[in-house]
Undergrad: 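Here you go, one structure.
Note that the coordinates shown come from a computational prediction; the quantities given were computed from them, not determined experimentally. Lettering of chains follows the sequences in order, A, B, ..., and the numbering in each one begins at 1.
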Amino acid sequence: MIRLHGIEKVYRTDRIETVALADVNIDVEKGEFISIMGPSGCGKSTLLNLMGLLDVPTKGKVEINGSHINGAGDAALAQVRNREIGFIFQTFHLVSDLSVLDNVQIPLLYRRMSNAERRKLAEAALDRVGLSARLHHFPSQLSGGQQQRVAIARAVVGRPAILLADEPTGNLDSHMGDEVMALLKDLNEKEKTTIVMVTHDAQKAQQTARTVRLFDGRQVC
Amino acid sequence: MLRHYLTMTIAVLKRRPFYTAISLFGISFTLLVLMVVTAMADHALAPMAPESRQDRMLGVVSARMFGPDNAWSSNGGYMLFDKHARNLPGVEELTIFSSWQTVSTYLGDQRITSNIKRTDGAFWRVFDFTFLEGSPYSQADVDEARFVAVLTRATREKLFSGQPALGKTFEADGQTFRVVGVVENVPDIRIVPYADFYVPTTTSKSDAYKREIMGGFIAVALARTTDDLPKIREEFNARLTRITLPDKSYTTLVAPFETKYDTIARESPFADRQSPDRQGPKLTLLLVILALLFVTLPTVNLVNVNISRILERASEIGVRKAFGAPMRTLVAQFVVENVFLTLLGGALGLVLSAFVLRALNQSGFIAHSAFTINARVFAYAVLLAIGFGLISGVYPAWRMARLRPVEALKGGPSR
């Protein structure tokens with residue numbers, strides 16, 4: 001489903017060169033739920049960004065669902081992100097000016113479908129995360145846990161095959177964190193969604209099928 | 001999608017009222033100036049009585065004689081038109097009349113200064129004046145040099161306190177005229193038909209004008225169809241080359257039949273007054289450059305405000321990109337949002353310009369002006385607002401839309 005081979009990511013400025021990732025090779029199979037762990041600054045989020053085509057590697061190959069991504073143009077990458085990948089961010093990244101319903105519809109805006117169809121799918125996704133009663137609320141009117149559930153609804157509304165979650169429970173208390181994990185496991189088990197989750201939390205990582213560990217930008221297991 | 005863009009536009013406008021106020025002030029003030037200028041140009045140039053048929057009209061307002069050492073610019077002379085402009089191919093009617101002259105009229109002891117035009121009978125068939133009283137004088141009146149006059153409504157107001165004037169007499173420049181008609185006012189921005197009253201050419205105190213090739217007269221030809229305009233121009237220009245000029249120090253006479261716009265263009269900077277060729281395109285270029293220069297500063301200002309506004313939305317851009325928005329869709333979104341903003345500013349500008357135009361009309365700054373926001377000016381206003389929105393929206397939108405998603409999610413471009 002996701003193949004990263006010989007991945008290297010180097011950040012360069014005029015004076016300094018920082019190696020964020022070096023020689024990383026990861027294969028994630030269809031329907032897998034894996035976690036990526038490691039200390040702060042070890043390159044976990046960078047790796048997730050490369051998997052999600054939000055950034056480009058300095059070296060190495062990225063393959064999503066059998067297609068090589070290296071060298072693809074903006075429109076092609078946008079298409080893969082829209083169809084194949086859903087994102088969940090630690091800080092939710094909800095658009096504060098839009099209602100819950102409008103936020104969840106964002107991925108569908110970039111697909112050909114009617115407003116009614118878009119709304120129906122968004123309502124179904126919000127129903128699934130238990131927020132049917134909050135359609136017209138704004139993010140600032142919700143708790144952190146509710147905001148993350150909106151973000152999950154937004155990530156899954158387009159039924160992507162891959163879900164990339166960057167510390168999805170990092171900003172939540174343990175109870176809310178457990179709720180979010182339950183949702184992710186449910187998606188993985190029932191929808192066979194491939195999930196890659198970055199986490200600091202060993203307990204959460206244990207709930208996944210496999211853990212990739214990083215240290216100083218290198219894959220340690 | 002449009003509903004989504006509109007929701008975002010309104011939300012962003014409400015988010016920072018100060019930025020919004022600055023943007024709207026800049027946009028509405030810029031568009032206000034452009035709309036006032038457009039309304040004035042429309043009032044001066046658009047077809048309306050007494051120049052409703054101006055699409056078929058060509059006039060010679062200015063003439064220029066020049067030689068190696070001399071140049072003489074003025075109106076054409078009566079003889080130039082009477083002898084050489086008659087029977088041009090495609091002309092339905094030709095009128096020869098004087099440019100306006102200032103004369104004194106006495107009302108008891110009170111002296112009133114008025115502008116008079118001396119015309120032939122065809123003048124009233126070429127120009128479609130709106131008669132409030134009576135009718136125009138005829139060619140027979142002109143041939144017989146009868147002292148008859150057609151007044152404008154404003155002149156009737158001055159001379160006869162607005163009372164019916166038909167058959168009454170008044171004195172102007174030492175001559176007594178009998179009123180045969182009263183017409184609606186003509187704004188002096190329409191220089192060709194404008195005057196306070198009109199009398200037959202033949203009432204001039206001297207007939208020396210009949211022997212002059214330069215000075216004091218205008219000719220307007222009403223073509224049968226617009227297709228006839230080029231051949232009228234060409235034939236008259238050809239005839240001019242065959243005229244023997246009275247003074248040997250002059251070798252060339254340039255007095256082309258032109259549209260109103262080309263006539264104005266001939267007086268503009270950069271016009272080649274010694275060429276009979278049309279000067280309109282040069283004026284158009286000059287006006288476009290001036291308009292662009294005028295909008296440059298507010299555009300740069302709006303571009304900067306837009307960049308600040310969009311920078312605040314870096315995270316939103318990142319989210320949209322992460323969920324599949326291609327660059328061109330994001331550019332379209334920000335441009336559409338900006339066009340909404342400029343249309344809003346345009347609507348404000350339109351309301352303000354209506355007040356400014358009303359104040360201009362009431363001030364008497366331009367005599368008898370009646371500047372209005374008509375459908376044509378409104379259409380120009382909408383086009384101006386959209387054009388302004390596109391120009392000021394594309395660069396910030398393009399700059400922000402090309403951010404890499406990861407960069408945008410972190411809050412904007414790394415510096």
Side-chain angles (χ1 to χ4, degrees), chain A residues 9 11-13 20 45-46 48-50 52-56 73-99 101-115 118-119 138-139 151 154-158 160 164 166, chain B residues 1-17 19-20 309-338 340-341 397-415:
Chain A
K9 181 68 185 175
Y11 293 104
R12 291 190 178 93
T13 64
S45 294
T46 303
L48 202 71
N49 290 338
L50 294 175
L53 316 179
L54 301 179
D55 205 353
V56 285
D74 173 76
L77 291 176
Q79 174 90 344
V80 176
R81 286 196 292 262
N82 184 249
R83 297 278 166 179
E84 307 286 350
I85 305 169
F87 295 91
I88 302 167
F89 305 101
Q90 182 181 2
T91 50
F92 323 134
H93 279 307
L94 298 177
V95 180
S96 58
D97 296 314
L98 295 178
S99 68
L101 188 62
D102 285 337
N103 262 290
V104 174
Q105 288 185 62
I106 284 177
L108 307 179
L109 289 173
Y110 309 111
R111 295 185 186 184
R112 275 184 198 281
M113 61 172 65
S114 67
N115 283 340
R118 232 176 249 144
R119 187 186 166 104
F138 284 85
R154 179 180 63 185
V156 301
V157 72
L164 302 177
D166 190 358
Chain B
M1 192 69 122
L2 209 59
R3 187 193 66 82
H4 183 81
Y5 290 171
L6 190 57
T7 307
M8 282 310 301
T9 310
I10 293 166
V12 171
L13 289 182
K14 280 159 68 179
R15 202 190 290 164
R16 293 279 185 128
Y19 270 176
T20 302
R309 271 180 187 277
I310 297 177
L311 260 175
E312 285 183 338
R313 296 169 65 184
S315 155
E316 179 198 330
I317 293 169
V319 168
R320 289 181 187 278
K321 286 199 151 208
F323 285 103
M327 191 170 138
R328 61 173 185 278
T329 308
L330 284 175
V331 170
Q333 178 188 341
F334 290 122
V335 169
V336 168
E337 285 182 25
N338 199 52
F340 276 131
L341 179 69
W398 173 79
R399 195 177 136 176
M400 299 314 289
R402 61 196 278 266
L403 281 179
R404 280 182 295 136
V406 69
E407 219 174 21
L409 283 167
K410 283 177 186 165
S414 41
R415 285 174 245 268

Undergrad: Do you know which of Leu94(A), Asn82(A), Leu164(A) has the most heavy-atom pairs under 4.5 Å to chain B?
TA: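 Most pairs with chain B among the choices: Asn82(A).
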Undergrad: Where does Leu98(A) contact chain B at under 4.5 Å (heavy atoms): side chain, backbone, both or neither?
TA: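 Contact with chain B involves the side chain of Leu98(A) alone.
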Undergrad: Specify the closest pair of heavy atoms between Arg154(A) and Pro107(A), including all atoms of both residues, with the distance to one decimal.
TA: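 It is O-CG, 3.4 Å.
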Undergrad: Check the surroundings of atom CZ in Arg111(A): do more than 12 heavy atoms from other residues, nucleotides or ligands lie under 6.0 Å from it?
TA: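 It does: Arg111(A) CZ has more than 12 such atoms within range.
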Undergrad: How close do Tyr110(A) and Pro326(B) get, heavy atom to heavy atom, and via which atoms?
TA: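 Heavy atoms of Tyr110(A) and Pro326(B) come nearest at CD2-CD, 4.4 Å.
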Undergrad: Please determine, among Ile106(A), Val80(A), Leu109(A), Asn115(A), the option with the most heavy-atom pairs under 4.5 Å with chain B.
TA: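 Most heavy-atom pairs within the cutoff with chain B belong to Leu109(A).
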Undergrad: Determine the minimum heavy-atom distance between Asp55(A) and Lys9(A), stating which atoms define it.
TA: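 So the minimum-distance heavy-atom pair works out to OD1-NZ, 3.4 Å.
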